[in-house]
Amino acid sequence: MTKASLPVLDLSRIDGPDRAQFLVELRDAARNVGFFYLVGHGVPAELEAEVRREANAFFALPEKDKLAVEMINSPHFRGYNRAGRELTRGAPDWREQFDVHAEREALPQTPGAAPWTRLQGPNQWPEAQPALRPALLAWQAQLTAVAIRLLSAFAEALEQPKDTFDEITRDKPNQSMKIIRYPGRKTVESDQGVGAHKDSGLLTLLIQDAIGGLQVQGENGWIDATPIPGAFVVNIGELLELASNGYLKATIHRVVSPPEGRDRLSIAFFLGARLDAEVPLLALPPHLAAEATGPTADPQNPLFRNVGENYLKGRLRSHTDVAERYHSDLLAPARA
Ligand SMILES: O=C(O)CCC(=O)C(=O)O
Ligand SMILES: [Fe+2]
């Protein structure tokens with residue numbers, strides 16, 4: 001058996017006799033590595049298998065069916081992107097992907113509406129694959145519930161009231177999801193499947209196939225997040241780092257493209273806070289506060305406590321074509 005490169009945590013322990021020990025291990029994993037595998041999460045294996053099947057079927061659709069739901073059709077940043085379309089730190093990611101967010105109606109764009117209100121709106125769904133929608137929305141609902149359980153466990157592990165994160169996630173958390181296919185590449189080409197980055201939300205839960213390629217920045221270099229069947233790879237996003245004043249770590253990670261002739265599938269679920277929320281600063285007890293040295297400052301990517309504003313900034317930067325088509329007023333403020 002291969003040795004796991006990242007900690008493995010069993011969420012079912014939270015209801016058992018060693019709950020306290022589980023919370024310590026959860027806190028340590030999120031603090032020291034910022035990444036762990038989650039087992040015992042209770043999401044049915046049949047649903048996972050169905051979601052994988054539908055995701056693979058989507059990428060196998062004729063190109064015209066995928067292009068019918070291209071993200072450039074959506075001011076709300078939903079839909080399909082061909083490989084090379086999304087940028088990480090200005091460089092193209094070699095992955096094709098389909099983005100689905102919370103399924104909500106667009107907010108009225110009255111004069112003076114905050115720019116982030118443009119993010120809310122319907123998803124695009126391929127007419128050629130009616131089974132994709134129910135599978136992905138069921139996945140979104142299940143993973144939202146797991147992520148909310150984890151958040152309440154983090155609140156407890158940080159010695160906060162268990163409902164600490166309820167206010168910023170209640171009813172309308174910013175769920176987002178990507179099904180992703182990384183095509184193989186010749187070694188002479190760039191190997192950027194997705195460039196090194198932090199995730200912008202609270203928590204990310206990811207499943208992948210057996211190919212591998214996800215790497216996590218550790219103290220001594222990149223650590224492979226080797227696939228473990230049935231386990232989610234979980235990582236801390238920038239909003240949780242911000243709320244905990246840097247006690248919990250949003251760790252940098254990347255995906256290296258598979259070699260030519262192979263390809264990799266992953267499905268990432270990102271739980272964000274409500275777009276109308278402000279990220280609180282938790283009052284940590286002194287023994288934890290002593291180790292909370294502030295979120296890592298990144299001059300290229302300043303963080304905003306206003307969740308909607310923070311999320312919109314990332315979307316505009318990653319999807320410059322959508323930004324230019326629908327949101328050019330936000331890119332180039334009119335000069336007086
Ligand atoms: O595909 C993966 O394994 C990771 C994807 C990722 O990091 C992201 O989309 O933010
Ligand atoms: Fe990521």
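We're numbering straight along the sequence, starting at 1. Each ligand, and each atom within it, is numbered from 1 in the order the structure gives.
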State whether [X] and [Y] are salt-bridged, where the test is any N-O pair (Lys NZ or Arg NE/NH1/NH2 against Asp/Glu carboxylate O) under 4.0 Å.
X: Asp321; Y: Arg85; value: yes
X: Lys313; Y: Glu309; value: no
X: Arg262; Y: Asp209; value: no

With a cut-off of 4.0 Å, which atoms of ligand 1 are near a heavy atom of [X]?
X: Val255; result: 1 (O), 2 (C), 3 (O), 4 (C)
X: Asp199; result: 10 (O)
X: Tyr182; result: 1 (O), 2 (C), 4 (C), 5 (C)
X: Arg95; result: 5 (C), 8 (C), 9 (O)
X: Ser266; result: 1 (O), 2 (C)

Protein residue, atom and distance nearest to atom 3 (O) of ligand 1, heavy-atom basis: Arg264 NH2, 2.8 Å
Which residue owns the protein heavy atom closest to atom 8 (C) of ligand 1, what's the atom, and how far is it? His197 NE2, 3.6 Å
Centre-to-centre under 6.0 Å for Phe58 and Tyr80, is that the case here? yes
Between His197 and His253, does the ring centre distance come in under 6.0 Å? yes
Heteroatom proximity flag, Lys178 to ligand 1, N/O under 3.5 Å: no
Would you say the side-chain atoms of Thr164 pair up with the backbone N or O of Gln160, donor to acceptor, closer than 3.5 Å? no
Going by the angle between their ring planes, with limits at 30° and 60°, are Phe77 and His319 parallel, tilted or perpendicular? tilted
For ligand 1, does His253 get within less than 4.0 Å through its side chain, its backbone, both, or neither, judged by non-hydrogen atoms? side chain
Of all the N, O or S atoms in Asp199, the one nearest to the Fe ion (ligand 2) is OD1
